[in-house]
There are 2 protein chains.
Amino acid sequence: MPQDVDQRTLQLIEQIAKRVQRDIEQGSLPVLEFPVRSLSNVEYDADTGYFALGDVSKSRTLNANTVRAFAQTLRLMAIARTMVAQDDFATKREAYYVSKNWGECRFDSQDESDAIMDDIEALASRHGLFREQLRFYPESHGGAVAGELVVLDTDSHSGSLMEIDCRGFGSGAYSIPRSVEQLDFRTEAAFVLAIETGGMFQRLNSHRFWRQANCILVEMGGVPTRATRRFIRRVSDARDLPVYCFVDCDPYGFANIYRTLKVGSGNAAHLNRFFCVPRARFLGVTPQDIADYGLEDATHPLTKTDIKRAQDALAHDPFFAAHPAWVAAITQLLSMGVRAEQQALAKWGLNYVMEEYLPRKLADEAGFLP
Amino acid sequence: MPQDVDQRTLQLIEQIAKRVQRDIEQGSLPVLEFPVRSLSNVEYDADTGYFALGDVSKSRTLNANTVRAFAQTLRLMAIARTMVAQDDFATKREAYYVSKNWGECRFDSQDESDAIMDDIEALASRHGLFREQLRFYPESHGGAVAGELVVLDTDSHSGSLMEIDCRGFGSGAYSIPRSVEQLDFRTEAAFVLAIETGGMFQRLNSHRFWRQANCILVEMGGVPTRATRRFIRRVSDARDLPVYCFVDCDPYGFANIYRTLKVGSGNAAHLNRFFCVPRARFLGVTPQDIADYGLEDATHPLTKTDIKRAQDALAHDPFFAAHPAWVAAITQLLSMGVRAEQQALAKWGLNYVMEEYLPRKLADEAGFLP
């Protein structure tokens with residue numbers, strides 16, 4: 001983790017702890033303030049391009065009802081402080097288990113520790129910090145990476161710089177760690193291609209599509225994890241790279257995978273500013289591609305869930321509502337009544353996707369959905 | 001893929017095709033023979049240490065009822081032949097889509113293509129070949145690898161040798177490709193440590209446990225995928241390395257994760273000879289560890305599913321039945337009524353697992369469960 005971030009993290013924790021201590025010493029009840037995390041306190045900001053947390057806060061004053069949660073909050077923050085000082089980390093699950101020797105204020109379930117961690121993260125987000133910087137890591141790791149990118153990392157023991165060349169993994173790939181804040185990047189790539197399925201990633205990697213197209217391949221494996229989103233965001237920011245998404249043509253691909261990557265989600269608005277990728281654009285597969293590339297007989301009927309998800313996106317999602325091109329595309333999908341997976345291109349031959357589809361799409365970046 | 005394997009694959013396909021052609025030219029109905037894949041044709045072989053396919057076969061004679069499946073089988077085998085010749089591959093999903101321009105004999109769903117692919121794989125297994133060698137790859141990729149291992153791969157375009165040093169990925173890791181047949185290995189490690197959760201893998205990797213213990217870390221991420229199992233097996237075979245499993249202390253960890261890795265599964269018996277890891281042993285977490293390491297208050301009650309799974313293992317699973325130590329351990333777990341996750345060791349501090357638990361366990365390898 002960069003040292004200045006660690007300094008800010010320590011300062012925030014100590015500042016909150018000192019305020020609590022001062023209140024107690026002055027004989028008044030200490031108060032902790034957290035942003036309200038419900039959807040009522042979320043706004044879609046068309047300028048920044050993501051859902052953002054509003055200004056509403058809730059207070060937790062120490063009393064008989066709150067004493068347990070109050071103590072748990074302070075202890076979790078104390079663990080974060082120790083981990084920053086010792087350059088260590090805990091998964092959310094480990095943090096739950098660490099509490100097992102806290103006696104009366106141990107967590108009974110991980111739901112409890114997760115909720116308090118979310119409060120702490122929401123609070124930290126007001127100071128430009130997020131959970132990984134407090135050293136609480138998610139269970140799930142990131143996707144895989146291959147192509148025109150050198151990742152710069154530091155050996156945790158020797159402190160020496162490590163250069164990880166993502167062109168050098170053969171048929172394998174670089175697996176993104178749970179936290180990517182310590183990484184830096186060197187690349188001459190023209191763009192990042194974020195791919196939904198592992199199978200398609202393997203195809204493009206095995207055939208060295210990244211060399212042909214001068215790009216970085218990232219396997220998302222469905223809805224991208226926090227680490228994958230943050231990795232793509234940091235690569236994009238560090239080298240000012242556009243990000244193109246290549247996912248299935250279905251409401252899940254649009255509203256869950258792509259939308260989450262680009263603008264984040266409503267129920268975790270406090271972290272979108274760090275994790276969303278505003279520069280992401282939708283390469284395909286689009287509803288129009290089904291017609292343009294003759295995929296009609298390689299489609300599947302929309303399920304009830306698909307239809308509901310598409311209708312919800314049209315009716316309730318401010319991101320799609322803000323983009324007429326998306327409204328038109330989702331409406332077109334509903335009227336076609338079918339969905340198409342990215343693998344459907346295999347109908348024209350296994351490598352049609354590399355030889356025809358992607359080159360034609362990449363020649364018209366202006367035509368990508370926003 | 002090694003060239004001699006490719007030669008054997010091509011020979012098998014051509015031999016079957018020629019027999020069909022000869023039958024037709026002689027005016028008799030062609031027949032394809034496949035091993036029966038149901039549990040009735042499966043045996044647990046205590047010597048080899050895995051479930052193996054028996055000798056019972058089923059015939060598919062060409063007639064009005066079988067003509068579609070017959071044609072589909074031959075076309076899938078033709079695709080395999082082309083892929084071997086062109087050094088390409090298809091995921092199971094892609095193979096399904098490729099059929100979409102086969103007219104009348106296209107697959108209606110992936111269930112159909114998977115079933116026929118399983119037949120072909122079972123047949124190939126009698127000749128020492130499996131699906132990846134026919135170039136049909138699974139969707140799911142393997143886990144992550146870090147530590148004292150150099151993977152040798154070949155650049156698919158230039159043909160030049162690539163050395164992938166799994167000590168060199170910082171906080172990240174090597175992501176196992178979908179097929180690992182083309183890989184070779186160089187290592188001085190003493191053992192492979194196969195780890196259930198990504199969080200524990202990240203901890204051991206971040207703190208360079210692999211350097212301290214001179215080992216190779218493999219993240220299984222729950223029940224290991226085909227690629228992960230085959231990767232561990234090939235590393236173990238190539239360098240005669242023992243494999244130690246570090247998973248949760250619960251019936252799922254024993255009967256699903258560990259048992260699948262070590263002896264394979266009953267409903268895919270035709271591939272166990274290639275994918276199981278007979279040298280695997282169970283390091284922990286064991287029921288006795290819960291007492292020995294004071295984890296009682298970091299456990300969770302066994303669920304109904306846990307109890308049923310444990311009872312099934314005792315009553316019906318020939319692997320556990322063959323090992324009194326396992327029968328005793330599962331009986332002990334049932335009488336304790338609780339399960340413990342590997343992260344529960346965090347109760348004693350985040351790095352207790354590296355500083356205390358694993359060194360103590362590794363000092364007594366003879367005590368591992370079989």
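- Heavy-atom distances place no part of A/Y352 under 4.5 Å from chain B, backbone and side chain included.
- When all heavy atoms are compared, the tightest approach of A/Y174 to B/F169 is CE1-O, 4.2 Å.
- Not a single donor-acceptor pair under 3.5 Å links the side chain of B/R208 to the backbone N or O of A/D155.
- Applying a 4.5 Å heavy-atom cutoff, the residues of residues 210-229 of chain A that approach chain B are A/R211, A/E219.
- Counted within 6.0 Å of CZ on A/R68, heavy atoms from surrounding residues, nucleotides or ligands total more than 12; the atom is thus considered enclosed.
- If you take CD on A/E94 and CE on B/M200, they are separated by 6.0 Å, rounding to the nearest 0.5 Å.
- Between the side chains of A/T91 and B/Q202, no donor-acceptor pair of N or O atoms lies under 3.5 Å.
- Contacts with chain B were tallied for A/S99, A/G199, A/A144, A/A95; A/G199 has the most, counting heavy-atom pairs under 4.5 Å.
- Only the side chain of B/L183 has a heavy atom closer than 4.5 Å to any heavy atom of chain A.
- Residues of residues 158-168 of chain A lying under 4.5 angstrom from chain B, judged on non-hydrogen atoms, are A/M162, A/I164, A/R167, A/G168 in numerical order.
- Once rounded to the nearest 0.5 Å, the distance linking CG of A/D88 with CG of B/L350 reads 5.5 Å.
- Residues from residues 106-114 of chain A that place a non-hydrogen atom less than 4.5 Å from a non-hydrogen atom of chain B comprise A/R106, given in numerical order.
- Options A/N101, A/T154, A/N205 differ in how many heavy-atom pairs under 4.5 Å they form with chain B, and the most are formed by A/N101.
- Per-residue heavy-atom pair counts under 4.5 Å with chain A were compared for B/G170, B/A298, B/S175, and the maximum is reached by B/S175.
- Classified by interplanar angle (parallel below 30°, tilted 30° to 60°, perpendicular above 60°), the ring pair A/Y97/B/H300 is perpendicular.
- Contacts of residues 339-348 of chain B with chain A at a heavy-atom distance below 4.5 Å involve B/E341, B/Q343, B/A344, B/A346, B/K347, listed in sequence order.
- In plain terms, the two heavy atoms of A/S171 and B/P177 that are nearest each other are O-CB, 3.1 Å.
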